[in-house]
Amino acid sequence: MAKPKVSTDWMAGCAGCHMSLLDMDERIAKIAELVDLRSTPITDLKVPDESGVDVGVLEGGINNTSNEEVAHRMRSRCKILVALGDCAVFGGVPAMRNFFTIEESLRRAYIESESTDDSGKIPSDPELCKPTKVRALHEVVPVDVFVPGCPPNADTIFYVLSELAQGRIPDVKDDKLSWY
Amino acid sequence: MVTLTIDGKTIEVPEGTTVLRAAQSAGVDIPTLCDHPHLTPYGGCRLCLVEVEGARTLQPSCTMPVSNNMVVKTNTKKVLDARKFVLTLIFSERNHFCPYCQVSGGDCELQNAAYHEGMTHWPLQPNWQPYPVDASHPYIILENNRCILCRRCVRACGELIGNFTLGFEERGARSILVADTGVPLGESTCVSCGACVQVCPTGALIDRWSAYRGHDVALDSTQTICVGCSVGCGIKVFTRDNNLVRIDGDWDASINGGVLCEIGHFEPMTEKCDRIHTPMVRKNGSLKAATWEEALTVAAEGLQPLKEKTTSGIAALISTRQPVETIHHFKQLFEYHLGAELVTSTEEGIYTSFASLAAETSGKPFEAKLSDIHDSDSVMVFEVDPLKDHQVAGFFIKRKLPSGMKLLVVDQSENALDKAANKALKPAKCTYEDVLKALTAAVVKLGLAKGKTSIKADELNSLAAKTGLTTDDYLDAAYVIAAAEKPVIIYENHENIVSLKEFATLVDAKLMSLKGGANSLAAAQFNLDKSYKPDRFKAAYVALGDDELSQKMIKELESIPFKVVQASYASSATAMADVVFPSTTWLEQGGHYVNLEGTVQEAFPSLKPADEIKTIGETLIALSSRLGINLDGDWTKELHKRISPVEIAR
């Protein structure tokens, strides 16, 4: 049997969940043995194979139209989609801005911030993606496995990946279930 | 008894038990949020829904009483799905993002409930409606965004404290927790007892001091007692790396049942005084740091020549915040061995002396226990304000008023209980002797006297006039206390104790005095209740610890040529001393305390003092050995030597 193909990507997050993935130390070699690691944001190949992968892992919530594209692309190219970390699962820290309007958030970031002088302005190039309300991954595409945590701990990620590699759906519960 | 079956277990429980309590007694775990063992069941959160055979829908187990042959199931798919759905709705209502919250990671009952149900995500996302945050209070932040509307805080404020500050405004998802009529908490009628923070299941009520300083599992906790006053409340002290993090009321403590006041809950957190770290000795007019050897030598040399001098001798004063063991050592050293001219407490018996004398005169204890307040149907507060210095005792009274307990306040000055009282008797400048006579006449006139008195009903007019009040005032007041079945009179060491006792007998009331500090009664039992009269003392020894000395006392002590002060904090009392010994605070020492109702309790240290700091007891022993004195003897025996106003447990 061919090794299952795994792709990962990140959206509105802090990359911390990917760092936690690396935090599994030498066990990453074990994961590399079990799976065929395809694209990730921290390796050369950035985009999941058009021909599809078995497992897609997404970190971060969805806070603009570009993230939406990433989410839809991963969903359409993977069989099992994993929401990794609090941002992908709940919206996380970026979702704090949902208590304000997008205009208020942009004004605060580009005009009112303490480090901005009088010439601050909100970027408006047509090539830029459009900011949206921050959403959890499952609000945009169907999710198969939720792995909450800020970040999820390396042992949990190792458990999730090794279960998926061996064709089982991981059951995240008890000591592996932590929302932060 | 009622027999019912829960998850296949057949059990027997008393009638009136709720299904939840019955399940708990049978070891069946039902998750809850709005339920609290010390509060009235409310049925607000619906997490405890169970299947009851024959019932059309799932039933909240916390409010449902058991009935005979009831069959309850707590772990069917229907129940488990309902729990998840209830939690889903709660999470969707407000901002429950765990990473920003101080209780996340073990101390949040909502998060724990979600983990228990194995929730990996929220099926419904929140609606991003911001709610107000109130940070106007010095100790508490009210964060409505994390509130789950369980109303535990509202019930605690009303049922445990009787304060009714907290309440809800608006309805449904818009409900917000408010103080009084929507004023900022810091400007409200809040008494800062902290009960609301202690019962909050989420991070909605934030204790400013302990927030983000560690989860309960990371903290060390010590079960001990508060020494803030004579009530002797049970507390749990939480520390981390020898730092004080939080103090909670001990739910298991029989005296207070988890309730505390501002002094017990929050005041120790705001300690701002300068700690004394080393012994100090006055050299060339100014205090200089010294070794223990030096300081002990100077103290011993100053005291030794004054041994057995009954004039121009030693005045020795000890704080009533010290444990019985220390007070006993103090008495042994200064009274038995050094024959000091005066040995007393810094309180000088002002909270106990008359009551102690009355007990000695009558030859037996005459005062009631705190449980008598819980059982009483009418309380008379006689020239004392329990809500001022013995707040928890005040809460015990206030919280019973809504269920019909009557309250009579007799006080010339303003009293915090005035507004809550059925009758507040405010005599004009007169003696309380006359007030008691007038009350007696009123009781006789009402025909409610349960004992004999020489005072006649027709004396009421003249007696009332003498105190500047009307006869109706007295008849109203007398009715409140005399018509009751189990009245209790609360006072504080009154000079008219004899008349008060007579009045109590007349209306068949129990008497209880609040006493003063944590060990006022113990000090009184050791006869350390004499008043300090400025004399030509040649030396003073003040074992102050973490207590304060009144300005009047400091002034009176100032002219004494040789002064030794043993204190935790620098103050004007240590500034005038010739020798200063650094002393532990209440959290750094243990020992026994006798509370206002004669219960003997042990306090345990929760913090370690710095190396150079010793307890007063240790210092007294060191000083004694300098003077060639051996301190021994049994404090328990001496404690029971004198007849006490209230029976002291053995």
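Order of the sequence lines sets the chain letters (A, B, ...), proteins ahead of strands, with each chain counted from 1.
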Side-chain heavy atoms of [X] within contact of [Y], under 4.5 Å:
X	Y	value
B:F97	A:M96	no
B:Y115	A:W179	yes
B:T120	A:V89	no

Report summary line: Residue from B:P123, B:S104, B:G105, B:C101 scoring the most non-hydrogen pairs under 4.5 Å with chain A is B:S104

Query raised in the report: What residue, out of B:H116, B:Q111, B:M119, has the most heavy-atom pairs lying under 4.5 Å from chain A?
Result: B:M119

Report summary line: Applying a strict 4.5 Å limit to non-hydrogen atoms, the region of B:P126 in contact with chain A is neither

[atom1]/[X]: more than 12 non-hydrogen atoms of other groups inside 6.0 Å:
X	atom1	result
A:D118	CG	no
A:D117	CG	yes
A:R168	CZ	yes
A:Y159	OH	yes
A:K46	NZ	yes

Can a donor-acceptor pair be found, under 3.5 Å and without considering hydrogens, that links the side chain of [X] to the backbone of [Y]?
X	Y	answer
B:Y100	A:G92	yes
B:Q125	A:R135	no
A:H138	B:W122	yes

Contacting moiety of [X], where chain B heavy atoms sit under 4.5 Å:
X	answer
A:D86	side chain
A:A95	both
A:V145	neither

**Report entry** Pick from A:K133, A:E139, A:K173 with the largest number of heavy-atom pairs that fall under 4.5 Å of chain B
**Finding:** A:E139

Requested in this report: Specify whether B:H121 and A:F146 have parallel, tilted or perpendicular ring planes, treating 30° as the upper limit for parallel and 60° as the lower limit for perpendicular.
Outcome: parallel

